[in-house]
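Okay, so here's the structure we're looking at.
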There are 2 protein chains.
Amino acid sequence: MARRGGGEPVCKVDFFDPKRVASVRRRLKPDETLLSLAETFKALGDLTRIKIVFALAQQELCVCDLANLLGTTKSAVSHQLRVLRNMRLVRYRKDGKMVYYSLDDDHIKRLFDEGLRHVEEMG
Amino acid sequence: MARRGGGEPVCKVDFFDPKRVASVRRRLKPDETLLSLAETFKALGDLTRIKIVFALAQQELCVCDLANLLGTTKSAVSHQLRVLRNMRLVRYRKDGKMVYYSLDDDHIKRLFDEGLRHVEEMG
DNA sequence: GCTATAATTGAACAATTATTCAACTATCTT
DNA sequence: AAGATAGTTGAATAATTGTTCAATTATAGC
């Protein structure tokens with residue numbers, strides 16, 4: 001998001017179908033819900049994080065495993081895991097010094113698979 | 001993405017489980033596929049675009065309708081529609097001066113609904 | 001207590017992004 | 001042909017984002 005200036009937003013629309021618009025507006029979910037939804041998708045909208053999710057869909061892994069798999073640092077992975085944690089996409093358990101991550105629930109795998117199907121049928 | 005400097009990437013990982021990592025790496029999809037997937041999710045990862053997708057899931061709308069619904073300009077909507085078009089999330093048909101947009105296929109609706117279910121169960 | 005290792009965190013910076021504005025194309029009406 | 005309207009596009013800019021580096025926390029073994 002990136003609004004400019006401070007002026008009030010002006011709707012430069014010349015013509016629209018009030019019936020169509022009203023009908024959709026009535027069914028529109030609250031901003032709060034849609035924002036959470038957008039943020040969930042955004043959390044999946046990065047190559048590194050998608051790889052993390054794919055990997056965790058196979059099996060539980062520690063931060064070191066992920067860093068090695070992705071060829072990056074533990075720090076970078078940890079930062080990205082936080083994004084996924086914030087959106088409740090992954091969970092973790094501690095075992096001594098290690099922290100093992102896994103997908104939070106089956107929704108995530110279904111979401112991932114549904115997206116993959118779209119991409120693979122896109123050609 | 002935002003790499004800094006020019007040095008070669010260094011893997012600062014001290015220890016990892018080679019068996020686990022190798023097993024996951026073997027099943028990892030090609031970068032190209034995962035990048036498309038990430039970009040698809042990224043296209044859905046914005047409040048304005050999520051609202052557009054939600055609206056189009058209800059019914060076909062023209063750019064003016066969308067601009068009015070979202071309280072923004074046709075220009076802003078048009079820019080965002082291009083992002084969605086690029087990822088084949090929406091299609092359009094022209095009718096005179098008007099351009100009517102709709103969701104490209106049922107995958108999109110399922111993807112959206114699956115995400116919504118996750119968010120609404122998140123609490 | 002001391003050292004080593006796993007992971008997290010905050011600051012900094014380059015890259016990316018969303019909206020605005022202005023200019024433009026295309027289509028309809030007269 | 002001229003004027004009006006629907007939509008697209010490019011440039012500019014403020015905000016956001018991902019990785020790196022350095023410092024820190026927490027646990028294990030000696």
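Quick note on labels: first sequence line is chain A, next is B, and so on, each numbered from 1.
Checked against D:dG7, D:dT19, C:dT8, the side chain of B:Ser78 finds its nearest nucleotide in D:dG7. Distances were taken from every side-chain heavy atom of B:Lys97 (C-beta onward) to each of C:dA18, D:dA6, D:dT9; the shortest belongs to D:dA6. The side chain of B:Thr73 has C:dT20 as its nearest neighbour among C:dT20, D:dT20, C:dA18. Closest approach to the B:Lys42 side chain among C:dT20, D:dT19, C:dT17 is made by C:dT17 (side chain taken as heavy atoms from C-beta onward).
Note on ring orientation: taking the six-membered ring where Trp is involved, the planes of A:Phe112 and A:Phe54 are tilted (angle from 30° to 60°).
Looking at every heavy atom in both residues, A:Val77 comes nearest to A:Leu70 through CG2-CD1, 4.4 Å.
Checking the phosphate oxygens (OP1, OP2) of C:dA18, a side-chain nitrogen or oxygen of B:Arg49 falls inside 4.0 Å. OP1 or OP2 of D:dT19 has not a single side-chain nitrogen or oxygen of A:Thr72 nearer than 4.0 Å. OP1 or OP2 of C:dT8 sits under 4.0 Å from a side-chain N or O of A:Arg85.
One atom, CG of A:Leu70, and another, P of C:dA7, lie 13 Å apart when rounded to the nearest Å. Rounding to whole angstrom units, CZ of residue A:Phe16 and C1' of D:dG7 are separated by 17 Å. A straight line from CG of B:Leu66 to P of C:dT19 spans 13 Å, rounded to a whole angstrom. In this entry the distance linking OH of B:Tyr92 with P of D:dT8 reads 8 Å, nearest Å. Taking atom CG of B:Leu61 as the reference point, atom P of D:dG7 lies 11 Å away to the nearest angstrom. One can place NZ of B:Lys94 at 14 Å from P of C:dT25, the figure rounded to the nearest angstrom. Per the geometry, CZ belonging to A:Arg20 stands 12 Å off P belonging to D:dA6, to the nearest Å. In this structure, A:Asp95 places its CG atom 8 Å from P of D:dA28, rounding to the nearest Å.
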Dump the intermediate steps for salt bridge (Lys or Arg N to Asp or Glu O under 4.0 Å) on A:Lys42 and A:Glu39, then the final yes or no.
CA-CA 5 Å; A:Lys42 192 188 291 189; A:Glu39 278 175 352; 5.8 Å; no

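Each end of the helix from C:dG1-D:dC30 to C:dT30-D:dA1 gets its own rotation axis from five pairs of C1' atoms, and the angle between them is 30° to the nearest 10 degrees.
Residues B:Gly45 and A:Tyr101 both approach DNA chain C. Their nearest nucleotides, taken by heavy-atom distance, put A:Tyr101 toward the 5′ side. Of the residues near DNA chain D, A:Gly96 and A:Val83, the one whose nearest nucleotide (by heavy atom distance) lies more toward the 5' end is A:Val83.
The base of D:dC21 sits within donor-acceptor range of the side chain of A:Ser75, with an N or O pair under 3.5 Å.
Side-chain atoms of B:His107 never come within 3.5 Å of backbone atoms of A:Glu121 as a donor-acceptor pair (strictly under, hydrogens ignored). B:Arg88 places a side-chain N or O within donor-acceptor distance of the main-chain N or O of A:Met122, the cut-off being under 3.5 Å. A:Thr40 places a side-chain N or O within 3.5 Å of a backbone atom of A:Ser36 that can act as its donor or acceptor partner.
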Atom pairs and distances, side-chain donor-acceptor, residues 89-96 of chain B, under 3.5 Å, sequence neighbours left out:
unit_1  : atom_1 : unit_2   : atom_2 : d
B:Arg91 : NE     : B:Asp104 : O      : 3.3
B:Arg91 : NH2    : B:Asp104 : O      : 3.1
B:Arg93 : NE     : B:Glu60  : OE2    : 2.8
B:Arg93 : NH2    : B:Glu60  : OE1    : 2.9

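Applying the side chain to side chain donor-acceptor pair (under 3.5 Å) test to A:Asn86 and every residue at least two apart in sequence or in another chain returns nothing.
Stacking annotation: B:His79 is not stacked on the base of C:dT19 (requires ring centroids less than 5.5 angstrom apart and an interplanar angle below 30 degrees).
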